[in-house]
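One structure below.
Note that the structure is a prediction, hence the values are computed from the model and not measured. All heavy atoms count here, side chains included; hydrogens, waters and symmetry mates do not.
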Amino acid sequence: QVQLLESGGGLVQPGGSLRLSCTASGRTLSGYTMAWFRQPPGKDREFVAALKRMNFGTSYATSVKGRFTISKDNPRNTLYLQMNRLSSEDTAVYYCAATSRGLITSSLAGDKEYEYWGQGTQVTVSS
C-alpha cells in the first residue's frame with residue numbers, strides 16, 4: 001500500500017509560480033509510475049503530467065507543456081510539480097496518483113490506470 005499526501009497549494013496571482021509536493025509513505029516511489037491530475041471547478045478530472053517509473057520519461061498535457069515540470073526526489077520519496085506562468089485556467093484541486101505498473105506513454109493520461117491517490121490540494125489563481 002502507498003499513502004500519498006499532497007501539499008503546496010494555495011492562492012497565487014496570474015503569472016506566478018507554485019510548487020506542489022506529494023510525499024509517499026508505505027513504499028519507495030522509485031518503482032512507481034507517478035502522475036498529477038487536476039479537477040477544475042465544475043469540470044471532470046484531467047491529466048496534467050506523469051513520470052514513468054525509474055525516470056524512464058515524462059508526459060505532459062498540452063495545456064501545461066512548457067510551464068509545468070514533474071520531478072521526483074527518491075531519497076525524500078517525494079513527487080513534485082513545479083508550476084510557472086500560472087493562469088486562472090489552472091485553478092483546480094490537484095491530485096497526486098501512483099501505480100506500481102509500468103505504463104506505456106499512451107496510457108499515462110488515463111486516471112483509471114492509477115490505484116493510489118492523494119486527497120488533493122487546492123490551487124487558486126486569481127488577482
Side-chain angles (χ1 to χ4, degrees):
Q1 279 282 22
V2 175
Q3 292 82 43
L4 304 173
L5 182 64
E6 302 96 336
S7 61
L11 175 64
V12 62
Q13 291 188 341
S17 298
L18 274 179
R19 188 178 77 161
L20 304 183
S21 300
C22 172
T23 302
S25 60
R27 290 286 189 275
T28 178
L29 290 183
S30 60
Y32 283 74
T33 301
M34 305 293 299
W36 289 96
F37 288 78
R38 67 186 182 186
Q39 186 165 18
K43 296 184 179 180
D44 293 334
R45 186 165 58 191
E46 62 186 31
F47 171 73
V48 175
L51 177 63
K52 291 184 176 181
R53 63 182 184 180
M54 306 304 181
N55 287 336
F56 280 162
T58 58
S59 178
Y60 294 92
T62 302
S63 61
V64 307
K65 197 172 294 185
R67 299 188 298 122
F68 290 11
T69 302
I70 187 172
S71 62
K72 187 168 58 174
D73 185 333
N74 285 330
R76 287 189 166 87
N77 223 28
T78 300
L79 180 75
Y80 298 104
L81 184 68
Q82 177 66 45
M83 306 186 295
N84 298 327
R85 303 200 311 272
L86 287 162
S87 73
S88 59
E89 294 182 352
D90 297 313
T91 294
V93 178
Y94 283 72
Y95 297 92
C96 171
T99 177
S100 59
R101 297 179 297 122
L103 299 179
I104 59 176
T105 300
S106 61
S107 296
L108 290 170
D111 60 354
K112 291 180 173 53
E113 301 288 351
Y114 300 86
E115 60 263 36
Y116 303 109
W117 291 83
Q119 85 293 344
T121 186
Q122 176 70 47
V123 172
T124 301
V125 185
S126 175
S127 56

Nearest 0.5 Å please: distance from the CZ atom of Arg101 over to the OH atom of Tyr32. 12.0 Å
Nearest 0.5 Å, please: how far is CD in Gln3 from CZ in Arg27? 9.0 Å
Verify same cluster id: Val2, Tyr80 (apolar side-chain graph, 4.5 Å): no
Can you tell me how far apart CG (Leu29) and OG (Ser100) are? Round to the nearest 0.5 Å. 12.0 Å
Donor + acceptor pair across side chains of Thr99, Glu115 (<3.5 Å): yes
For Tyr60 and Ala49, work out which heavy atoms get closest and say how close. CD2-CB, 3.5 Å
Phe37 and Phe47: which non-hydrogen atoms are nearest, and at how many Å? CD2-CA, 3.5 Å
Ignoring hydrogens, what is the shortest heavy-atom contact between Thr33 and Leu103? Give both atom names and the distance. OG1-N, 3.9 Å
Worked check of side chain to side chain contact (heavy atoms under 4.5 Å, CB included) between Cys96 and Trp36: CA-CA 5 Å; Cys96 171; Trp36 289 96; 4.0 Å; yes
Would you name the heavy atoms of Asp90 and Arg85 that are closest together and state the gap between them? OD2-O, 4.3 Å
Kindly determine whether Leu108 and Tyr114 satisfy side chain to side chain contact (heavy atoms under 4.5 Å, CB included), including the steps that lead there. CA-CA 9 Å; Leu108 290 170; Tyr114 300 86; 3.9 Å; yes
When hydrophobic residues are tied together by side-chain contacts of less than 4.5 Å, even through go-betweens, does Met34 share a cluster with Tyr95? no
Expected output: side-chain Glu6 to main-chain Gln119 donor-acceptor under 3.5 Å: yes
Got a second to check how far Asn55's CG is from Arg53's CZ, nearest 0.5 Å? 12.5 Å
Shortest non-hydrogen contact from Gly31 to Met54? CA-CE, 4.0 Å
Any donor-acceptor N/O pair, Thr91 side chain to Val125 backbone, under 3.5 Å: yes
Could you tell me if the side chain of Thr28 sits less than 4.5 Å from the side chain of Asn77, heavy atoms only? yes
No-hydrogen, no-angle side-chain donor-acceptor test under 3.5 Å, Ser59 and Lys52: no
Set of residues satisfying side-chain contact (heavy atoms from CB on, under 4.5 Å) with respect to Ala92, sequence neighbours excluded: Arg38, Pro40, Tyr94
What is the distance from atom CD1 of Ile70 to atom CE of Met83, rounded to the nearest 0.5 Å? 12.0 Å
Please check if atom CD in Gln122 has more than 12 non-hydrogen atoms from other residues, nucleotides or ligands closer than 6.0 Å. yes
Could you pull out the closest heavy-atom pair between Tyr116 and Leu4, with the gap in Å? O-CD1, 3.6 Å
Give, for atom CG of Leu81 and atom CG of Leu51, the distance between the pair rounded to the nearest 0.5 Å. 11.0 Å
